[in-house]
Amino acid sequence: MLTTSKRAWGLVMLLMVVALLVGACAGVNAPAAAPAENGAPAAAAFKVGLVHPSPVTDAWSGQAYAAIERMRDELGAEIANVEVGDPAGYEKAFSDFASQGYTLVIGHGFQYQDAAAKVSPDFPDTYFTTVGGDKTTANFAPIDLVPGYMQALYAMGVMAGEVSQTKQAAGFTLENPATKLPLEGFRQGFESIPGNTFSMIVLRDGNDVGAGKEAALQAMAGGADILIANANLAGDGVLQAVAEQGDDTVFAIGTIGDQTSKAPQNILASAPLNIPQALFAVAQAAKDGSFQGNSVRQFTVNDAGVYPFVYNPALAGIVTPEMQALVDETIAKLKAGEITVEMPQ
Amino acid sequence: MTTVTLSRQTGATLWRNIALPLLAILAALLVGALMLALSGFDVAAAYGALWSGIFGNARNIGEALLRATPLILVGAGIAIAFRCGIWNIGAEGQFYMGAAAGAFVGLQAGALSPWLAIPTALLAGALCGGLWAAIAGWLKVRLGLNEVVTTIMLNYIAIGIVGYLVTGPMQEASRYNPQTDEIAAGMVLPRLLPGMRVHAGFLLALLLPVLASILLFRTPWGFALRAVGYNPVAAQHAGIRVNRQYVLAISLSGALAGVAGAVEVLGVIGRLYENISPGYGFTGIAVSLLAANHPIGVIFSGLLFGALTTGAELMQLTAQIPSSMTFILQGLIIAFLVSFRALQGRVWPRG
């Protein structure tokens, strides 16, 4: 027993000594590293920092990480990212990046806007942006993807309006403007064809797949043959209902990402939202000095690549090249300002 | 287990409760260094960033205190429940209920004097967190439902309620994002020192654990509570109303988590939205266990976890060390501490 305890304590002591040594090394090196950081020329390098809420293996944060990787590869940016899910840490993350001479700091989510608005006045040489939000300062401009998405879905609405036999479409969304407005764009496109009617169903819970499915079944029973959902997971329920009804005369339009695989026989096309492309555009502006503060950076279809369309090859008989040309023509008119999508109310 | 001694802790026990955690931290840093080195990272740069992220300047020290505040409050609450032998896994939900109550008062009471409005908001947080926890206590003593299950379920419900509030009745006036409006400037907790973001909530994080400790170790009520935790059957036979102790302990535990929620809303965030807690309710369990469920010890373990969080962020930012390293270090500290305590039991027998 005694030898066991001696050996055990010996082990613990050894652990402690080695750990102390490592700790000491770290402590000694710390001051040496700090001046090197501070001494680096702040203005010379193009540096982009990303603050994101979840691990970069997660779909949402992964998008932003992919964007900064592209900034590194194509714009020669020095990049770094920090995961901060803790609201108490937002301001510090922004000021840590800015105080190290970063050119652009991105907050990947609307929840970062308060911190960016507070920190940005202290660092006039750094640009700040957040994905979503409406606050601004001289060097902080959040990005707003909704206006362009309304236009993109307008074009999808025009196409769906041509495809529809019953001349009725239903949209499923949540009580939240950023989610709801894009479908208003779809409504205007769909109803631009005389006789067409679109009805909007607002779901209570974006995680309730069953409620989405139920609402979709009702809409189909009511005669809608085109369905579109922008309602998080509840939207998946809508696509499930479409995929399972077994009728090849009811179709859906995918949103946010390429949703073809969720109803391969029924999704005419998807309208993904290319957030990395939008962030890349902001980084280009930060690099060439054309970054505009004091305003929300609103994206439209004129911003190349942010609002692509993915057509379902399985339904090429319905979404014919002529149909795709109609979409392109609509987008061209939107770009030229010949068609405008109205904000409701 | 030395953690359930009924008498006040002796000097030797206290020493061991300080020395063993320090050893565990050192051992964890050592193993962490090995893992970093094996993954091809520059250990000196990483730990250098960790160090300067905590102690590099006054601002960083303030940040560590700021991040420790909710952890200390939640951890002290959990310590009370654990001392009574009731497993409160629901501090996360209690935190959310407290945050919702704090935000509600913060939004409504902006016109009142801060001297009245801020304490009201904090009390509302404590009350909501406490009542939310009391549900699990009541279910345990009335229906015999296991509090581990009910508190976890209540977490989901509380998070759901906050989600409903910020997309429904409490959503901002512009109804653009799922969040409330900002609380009035007068409702924001004052900062303690210039150049640091640490706010008056930190004083609560120092005061409340001390009060909890006095309650636990210097009052008959605390004695009864710990007696139930040590042996409920014996406590029952000694005339202690065991069920009442359970409900009181978990309510008090929830009240502290609720205060933490209100403090975060009033001190840092300034409004309510979903996901305002990165899991404080669960980290709080580790904070409490690291401190051997002693509320005073929780102040130190909370500071450690707060410091690790801020330090690790700078480590991510300057040395590109993945954020998971923080969790690995925290996990290692606890794993080492548990092993050291087991080892100590063999080496240094009680009595």
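Atom OG1 of B:Thr167 and atom CG of A:Leu174 lie 8.5 Å apart (nearest 0.5 Å).
Ranked by non-hydrogen atom pairs under 4.5 Å with chain A, the options B:Gln171, B:Arg271, B:Gln320 are led by B:Arg271. Residue with the most contacts toward chain A among B:Gly270, B:Gly279, B:Pro178: B:Pro178 (heavy-atom pairs, distance under 4.5 Å). In terms of heavy-atom pairs under 4.5 Å with chain B, the best-connected choice from A:Gly85, A:Ala80, A:Pro87 is A:Pro87. When each of B:Asn275, B:Val268, B:Asn177 is scored by its heavy-atom pairs under 4.5 Å with chain A, the top score falls to B:Asn177.
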_Verdict with supporting geometry, B:Gln179 and A:Gln113, side-chain contact (heavy atoms from CB on, under 4.5 Å)_ = CA-CA 12 Å; B:Gln179 60 183 7; A:Gln113 64 166 327; 3.5 Å; yes

*What do the steps show when you test B:Arg197 against A:Lys92 for side-chain contact (heavy atoms from CB on, under 4.5 Å), and what is the final call?*
CA-CA 9 Å; B:Arg197 286 201 301 140; A:Lys92 178 166 181 285; 4.3 Å; yes

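Checking side-chain atoms of B:Gln316 against main-chain N and O of A:Glu83 turns up a donor-acceptor pair under 3.5 Å.
There is no contact between A:Glu78 and chain B, counting heavy-atom distances below 4.5 Å. Within the 4.5 angstrom heavy-atom criterion, atoms from both the backbone and the side chain of B:Leu317 approach chain A. For chain B, the nearby part of A:Ala93 is the backbone; its heavy atoms alone come within less than 4.5 Å. For A:Asp86, the parts sitting under 4.5 Å from any heavy atom of chain B are the backbone and the side chain alike. In this structure, the portion of B:Glu182 lying under 4.5 Å from any heavy atom of chain A is its side chain and not its backbone. Heavy atoms of A:Val56 lying under 4.5 Å from chain B are absent altogether. Interface remark: B:Thr310 contributes backbone and side-chain atoms alike to the contact with chain A (heavy atom separation under 4.5 Å). Looking at B:Glu313, the atoms closer than 4.5 Å to chain A (heavy atoms on both sides) sit in the backbone and in the side chain alike.
For the residue pair A:Ala88 and B:Glu63, the shortest heavy atom distance occurs at O-OE1, 4.1 Å. When all heavy atoms of A:Pro177 and B:Ser174 are compared, the closest pair comes out as CG-O, 4.4 Å. Here the closest non-hydrogen pair linking A:Val84 and B:Arg67 is CG1-NH2, 4.4 Å.
For A:Tyr127, the ring pair (Phe, Tyr, Trp, His ring centres under 6.0 Å) test picks out A:Phe291, with sequence neighbours left out.
If you check the side chains of B:Tyr164 and A:Asp205, you find no donor sitting under 3.5 Å from an acceptor.
Within residues 54-62 of chain B, the residues approaching chain A closer than 4.5 Å by heavy atoms are, in numerical order, B:Arg59, B:Asn60.
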